[in-house]
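Heads up, the thing below is written out as structure tokens.
What you are looking at is a predicted structure, and each value in this text was computed from that prediction instead of being measured.
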Amino acid sequence: METNEFLGFIIAVIGVVLLGFFGIKLYNFFVDADMKNAQVFVNDLSGKIEFLKDGESNNFALRGMAGWVLVGWNKDVPIAKDDEIIGKDRKPQKCFDKACLCLCEKSITQCQDVGFCREIDRNIDIKSDGFVDYSIAGGSVGPGGGFSLTKGSFSLNCIYFNKNNLKSLFVEKQKTVVNIKFNEGNKYQSDIDYYIKLKGLGCSFTGP
Amino acid sequence: MEKRGELTSTQLATIILAIIGFVLVGLGLYTIFEDDSLTNRDLCRLSILSRATVFSAGQQFVPLNCQTEKVCITVDDGAILGFGGVDNSCKQFAGENKNNIDVVEVSENQIKNGEAVTIIQKEVANAMYDCWKMTGQGKLDIFRPGDGTSTPAEDFVKQLTATTNLISLPVKPSCIVCSRVAFSDALYEENKKYDFLKNINFNNFISTQEVPGIGKTYTHAITGEEGAGYGAIAQDEGISAYLGKATLTEREYQDFKNLVINTKFVMTPEQKADYEEIVRTKPNAEAYLSYFTKPTTSNQLSIIFAQIKVSGETPEAAFWNALTTGGIVGAIGVVTGPGSIFNLPAVLIKIGIAGAVSTALAYDSEDTTRKNQAISFETCGKFESIDAGQKGCSLVKLMNWDVNDINSLCYNIEGNL
């Protein structure tokens, strides 16, 4: 091998290594902003939980992530196998055998692939509840079959973020469990799409 | 004779130069973002600069590395060698990492000699000034377009579609929460003894006190305009005394009308017509004033940087329209920046419907809260961005730390709280 060829080879190797190194660094900065935000959110929330003392509680205003769902699984919930759907009674494999807090995109069924999870040192209970009162035209119930009424309280064991604005989450840390609650407030006619969305998140839902 | 496929010296030099260039850029970025010696504020400023120097569609790929500063204003715990002190912590920050909380303690002596009031006001004023500086004095194009209901990836697609079809995306304000300032229970306990918080007059402070090392008052340093600051205006104009009043006596109505009609400040014909309509009848004036929320006090304040991008020729109009339809007008402000678009009376009139905070800060008194309203510094004009002609408005606003109030201003929040 001639000196020039050897020099060229060395330069090429150095170039490739450097390109790879800085390419990865740049990738981390510029790509996958959503996952990074999810990671920041979960780390931030779990950090606040860690810093709370047992028996202490606080309302935390956190920046929501539009289209993402906050959910938690207890230690004793079985891990979903490859052919099983993630849900209330099956947690993502990334939680292993631990209790975990996860932020998942669109639905909790996506948590294994598009979500970020973090281990929690005790059981976790996440709940959002509210009241709904709306009517749907063309329904089969009601006088003359003109509309149906949907009215009553509802709750689900996850928290949905529809906007990137602030959400006030009540966090209470007890010896064996962390409770995270969010008040959805009243949902009326203009919130139908949102209410339907809540029903389809894959969380455990009770309500009309 | 050259062999086929062999690199020429020019090609080799180009490759080497390209690699060196890439390494330098990479090292620069790596140094900036991984340097532990940089403060949170430095990192935020750098990320804002990075964001502002890329084209709109690429902005969502540059994260804002901004951490909300948390300040706890409290009293000396009275501990001797770490023993026997009272709990002087800010409960509002329970669950927050203590290393991320700046604790400002005032001593009993400072309370007695009046120094504590200055310290408290200075902390809030400095936080507002730092926020304004950190965010490029409102002149940088920071936020990606969007209405806060979609992910960065979805916004990217929306932006491309909008650009292709020559349409404008919705105009919604985006925000960074620069600081949260909390007042401890221990501070309020001391106030029961010495009643010192009543002496806080933040409006007056920012228009009379100088920013350390700048040689200008806070108002002057931020707005670039000398003379009467908001504090003086509020006292001279007297308009703010009527804000939050849903009913006016005949005399009050006449006084309010005279103040608006005979204002010494210059207005455009359109603005003048608007104001004349507001005060044309007593019900009109009452209806208008009833929209304003009486300012409230809180044990925790926030300093918010908000920005809105507009595509029209008159950014100030779109700015106000977006804020009013969003349920919040903003606040009393001091006009500044490129263009100085607003006239002072316009800003005075456009006081916050929601989110007004007492400028007596932590002190709860009907007397002081009524005559004071929220403070903001704002600017409208053309951003210094890579997208030529992008216009918008920016403001730094002092608000209570209230989720609903903040959401009424901010459709999209970035940075870490």
Side-chain angles (χ1 to χ4, degrees), chain A residues 4-5 7-8 11-12 14-19 21-38 40-41 43-45 47-53 56-68 105-106 161-169 171-173 185, chain B residues 6-7 12 15-16 18-20 22-23 25-27 29-30 33-34 47 50 54 58 60-63 65 68 91-98 100 144 146-156 174-175 177 180 302 401-417:
Chain A
N4 277 351
E5 284 176 338
L7 195 63
I11 289 172
I14 293 170
V16 166
V17 170
L18 288 174
L19 278 171
F21 177 73
F22 291 112
I24 290 167
K25 280 286 171 193
L26 284 173
Y27 178 85
N28 287 337
F29 277 117
F30 297 117
V31 181
D32 217 0
D34 272 3
M35 280 302 286
K36 275 199 154 187
N37 286 338
V40 167
F41 182 98
N43 285 340
D44 191 24
L45 180 56
K48 290 177 196 309
I49 291 169
E50 277 173 33
F51 281 110
L52 275 179
K53 294 169 190 157
E56 213 174 21
S57 64
N58 200 5
N59 279 300
F60 293 108
L62 294 166
R63 182 173 69 95
M65 283 187 61
W68 288 65
E105 192 173 15
K106 292 177 183 165
F161 301 105
N162 61 328
K163 288 181 181 171
N164 298 323
N165 59 7
L166 286 187
K167 285 251 186 186
S168 181
L169 307 185
V171 180
E172 181 185 38
K173 187 175 180 181
Chain B
E6 190 178 0
L7 289 174
L12 193 63
I15 290 168
I16 290 171
I19 291 172
I20 291 171
F22 194 83
V23 167
V25 169
L27 273 176
L29 286 170
Y30 183 75
F33 289 101
E34 296 291 325
S47 66
S50 307
V54 299
Q60 62 264 29
F61 297 124
V62 184
N65 199 356
T68 300
K91 297 282 185 294
Q92 301 92 325
F93 294 143
E96 303 288 356
N97 186 345
K98 284 189 169 52
N100 294 334
R144 59 194 165 92
D147 57 6
T149 59
S150 42
T151 62
E154 288 167 344
D155 280 339
F156 180 68
S174 295
C175 303
V177 181
R180 289 166 56 189
S302 59
W401 179 245
D402 179 278
V403 168
N404 292 329
D405 280 357
I406 292 170
N407 282 343
S408 65
L409 171 67
C410 308
Y411 284 73
N412 184 44
I413 289 179
E414 294 202 47
N416 305 321
L417 299 167

Of the listed residues (L52(A), L166(A), I14(A)), which shares the most heavy-atom pairs with chain B below a 4.5 Å separation?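 Between L52(A), L166(A), I14(A), the count favours L166(A).
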Minimum heavy-atom distance between [X] and [Y], given as atom pair plus value:
X	Y	result
N58(A)	F93(B)	ND2-C, 4.3 Å
V403(B)	A61(A)	CG2-CB, 3.8 Å
E56(A)	A94(B)	OE2-CB, 4.0 Å

Mind checking the CZ-CD1 spacing from R63(A) to I406(B)? Nearest 0.5 Å is all I need.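 So the CZ of R63(A) and the CD1 of I406(B) are separated by 14.0 Å.
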Inter-residue atom distance E96(B).CD - D44(A).CG, 0.5 Å rounding: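 Answer rounded to 0.5 Å: 7.0 Å.
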Heavy-atom side-chain proximity of K98(B) to F51(A) below 4.5 angstrom: no
Report yes if some heavy atom in the side chain of V40(A) is under 4.5 Å from a heavy atom in the side chain of N416(B); otherwise report no. yes
Counting only heavy atoms closer than 4.5 Å, note whether F161(A) contacts chain B via side chain, backbone, both or neither. neither
Would you say N165(A)'s side chain and C410(B)'s backbone share a donor-acceptor pair under 3.5 angstrom?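 Side chain of N165(A) to backbone of C410(B): no pair is present.
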